[in-house]
Amino acid sequence: MPELPEVETIKTALNKSLINKKIKNVNVLQDKFRIKTQSDFAKRIENSQITKIKRRAKYLIIVLDNGYSIINHLGMSGQIKILKEKPSILDKHDHIIIECNDICIIYNDARRFGLMIYEKTNLLNEHKLFKHLGPEPFCDEYNGQYLFNKIKNKKSPIKPALLDQSIIVGIGNIYASELLYDAKISPIRPCNMITLDECNKIVIESRHVLERAIKAGGSTLKDYKKPDGSLGYFQNAHKVYGKENQLCPICKSNINQKHCIKKIIQAGRSSFYCSITQK
DNA sequence: AGTGAGGCCTGAAAGC
DNA sequence: TGCTTTCAGGCCTCAC
């Protein structure tokens with residue numbers, strides 16, 4: 001599930017409930033993730049106080065007052081649950097439990113493609129997970145000229161390039177399809193055939209699609225503590241993603257239009273697009 | 001150097 | 001119904 005908007009939503013939720021909380025007890029029931037959780041993870045963070053929660057790309061960073069930070073990534077199937085207290089019966093795949101005085105955070109991840117580790121806060125920027133990352137989609141550095149320079153010599157199609165976190169972070173497989181639809185650019189267009197003008201469009205639409213999702217995710221925050229403790233994820237109203245063989249919203253209004261949204265595989269990932277609307 | 005395939009895992013859905 | 005196969009929204013490593 002998690003792309004940037006989901007992580008941003010969780011960050012907001014955690015910022016409302018975790019600031020200044022003292023970590024009393026930590027249970028690591030599973031340490032085998034994309035990166036192994038350090039064996040002294042619990043010892044390192046217990047008895048520290050949470051200073052702030054940040055996000056970088058799709059990573060959640062919990063900054064502690066003892067010079068360390070917790071780095072968390074949700075992979076494909078990860079969840080952060082916010083509960084009042086540690087439940088007497090844990091769910092399947094509840095892997096790491098972090099208990100504070102009146103709040104309990106649980107990292108649940110069925111496929112274990114995510115991770116939860118600690119790192120010294122002053123070394124975060126040099127961490128191998130962060131070093132290669134490109135700019136955030138909402139920062140000034142990410143603009144049409146930047147994107148144009150980054151991709152002008154690439155011959156790969158544009159869609160896989162948008163998933164490359166060293167070019168731009170936070171865009172996942174769903175939003176890559178959606179933003180290219182909004183920009184009316186075909187996912188199969190080679191990068192070196194994309195004009196500066198089109199790069200501007202891609203930048204604008206990538207921000208739009210993420211903004212909409214964050215806003216909608218934020219609006220579900222009021223009930224982020226559902227009975228089962230799981231966070232309510234934003235169910236995006238996708239225009240092309242998962243809409244194979246349906247008409248796109250623009251073609252729908254054209255009575256003579258018979259072509260449908262196609263599903264193709266690019267670099268091993270599915271892409272959805274309308275060959276009429278997107279050039 | 002840049003690119004695509006394979007692999008990490010489990011579970012839901014589709015296929016038989 | 002029940003077993004098997006396929007597929008999944010991320011990302012890293014490894015060949016070419």
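All chains are named by letter (A, B, ...) in the order of the sequence lines, taking the proteins before the strands, and each is independently numbered beginning at 1. These numbers were taken from a predicted model, which means no experiment stands behind them.
- Under the stacking criterion of a centre-to-centre distance below 5.5 angstrom and an interplanar angle below 30°, A:F113 sits stacked against the six-membered ring of B:dC8.
- In this structure, NZ of A:K263 is placed 12 Å from C1' of B:dA14, rounded to the nearest angstrom.
- Counting heavy atoms from C-beta on, the side chains of A:H93 and A:D109 never come closer than 4.5 Å.
- Within the structure, every side-chain polar atom (N or O) of A:S270 is placed at least 4.0 Å from both OP1 and OP2 of C:dC7.
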Requested in this report: Report the C-alpha distance between A:E141 and A:Y146 in whole Å, list the side-chain angles of each, state the deciding distance to 0.1 Å, and finish with yes or no for side chain to side chain contact (heavy atoms under 4.5 Å, CB included).
Outcome: CA-CA 7 Å; A:E141 187 189 346; A:Y146 164 85; 4.0 Å; yes
**OP:** Determine, step by step, whether A:R44 and A:V26 satisfy the side chain to side chain contact (heavy atoms under 4.5 Å, CB included) criterion, reporting the C-alpha distance in whole Å, the side-chain angles of both residues, the deciding distance to 0.1 Å, and the verdict.
**Re:** CA-CA 10 Å; A:R44 213 35 104 202; A:V26 177; over 6 Å; no
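- Rounded to whole angstrom, the span from the CZ atom of A:F272 across to the C1' atom of C:dG9 amounts to 11 Å.
- Looking only at side-chain heavy atoms (C-beta outward), A:I106 and A:L90 come within less than 4.5 Å of each other.
- Only the C1' atoms considered, B:dA12 is 22 Å distant from C:dC11, to the nearest whole Å.
- Listed by first and then second residue, the side-chain hydrogen bond (donor to acceptor under 3.5 Å, both in side chains) pairs involving residues 191-206 of chain A are A:Y142-A:S206, A:R189-A:E198, A:T195-A:E198, A:E205-A:H208 (not counting sequence neighbours).
- A:F33 places its CZ atom 12 Å from the P atom of B:dT10, with the value rounded to the nearest Å.
- Distance A:Q266 CD to B:dT3 C1': 13 Å, rounded to the nearest Å.
- In terms of phosphate contacts, A:R269 brings a side-chain nitrogen or oxygen within less than 4.0 Å of OP1 or OP2 of C:dG10.
- Note on A:R111: every side-chain N or O is 4.0 Å or more away from OP1 and OP2 of B:dC8.
- Taking atom CZ of residue A:R55 and atom P of nucleotide C:dG10, one finds them 15 Å apart after rounding to whole Å.
- What separates CD of A:E244 from C1' of C:dC7 is a distance of 13 Å, to the nearest Å.
- Near-neighbour residues of DNA chain B inside residues 123-133 of chain A, defined by a heavy atom below 4.0 Å, are absent.
- In this structure, A:N173 places its CG atom 10 Å from C1' of C:dA8, rounding to the nearest Å.
- One finds a side-chain N or O of A:Y241 lying less than 4.0 angstrom from the OP1 or OP2 phosphate oxygen of C:dG9.
- Listed pair A:H73 / C:dC11 meets the phosphate criterion, a side-chain N or O lying under 4.0 Å from OP1 or OP2.
- Less than 4.0 Å separates DNA chain B from at least one heavy atom of each of the following residues of residues 152-168 of chain A: A:K154, A:K155, A:S156.
- In this structure the side chain of A:L64 reaches within 4.5 angstrom of the side chain of A:I23, judged on heavy atoms.
- Contact check for A:I250 versus A:C274: no side-chain heavy atoms found under the 4.5 Å cut-off.
- For A:F113, the ring-ring contact (aromatic ring centres under 6.0 Å, His included) test picks out no residue, with sequence neighbours left out.
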For salt bridge (Lys or Arg N to Asp or Glu O under 4.0 Å), just list the numbers for A:D164 and A:K150, CA-CA rounded to whole Å, side-chain angles, deciding distance to a tenth of an Å, and then say yes or no. CA-CA 11 Å; A:D164 183 341; A:K150 268 286 190 199; over 6 Å; no
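- Note on A:H93: a side-chain N or O is less than 4.0 Å away from OP1 or OP2 of B:dG11.
- Listed by chain and residue number, A:H73, A:F130 satisfy the ring-ring contact (aromatic ring centres under 6.0 Å, His included) test with A:Y59 (two or more places apart in sequence, or in another chain).
- At a threshold of 4.5 Å between non-hydrogen side-chain atoms, the residues A:L196 and A:Q145 count as touching.
- Side chain of A:Q278 to backbone of A:P187: no donor-acceptor contact under 3.5 angstrom is found.
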Dot-bracket for DNA chain C, 5' to 3', Watson-Crick and G-U pairs with both distances under 3.5 Å, [ ] for crossing pairs, | for partner on another strand, reads .|||||||.|||||||
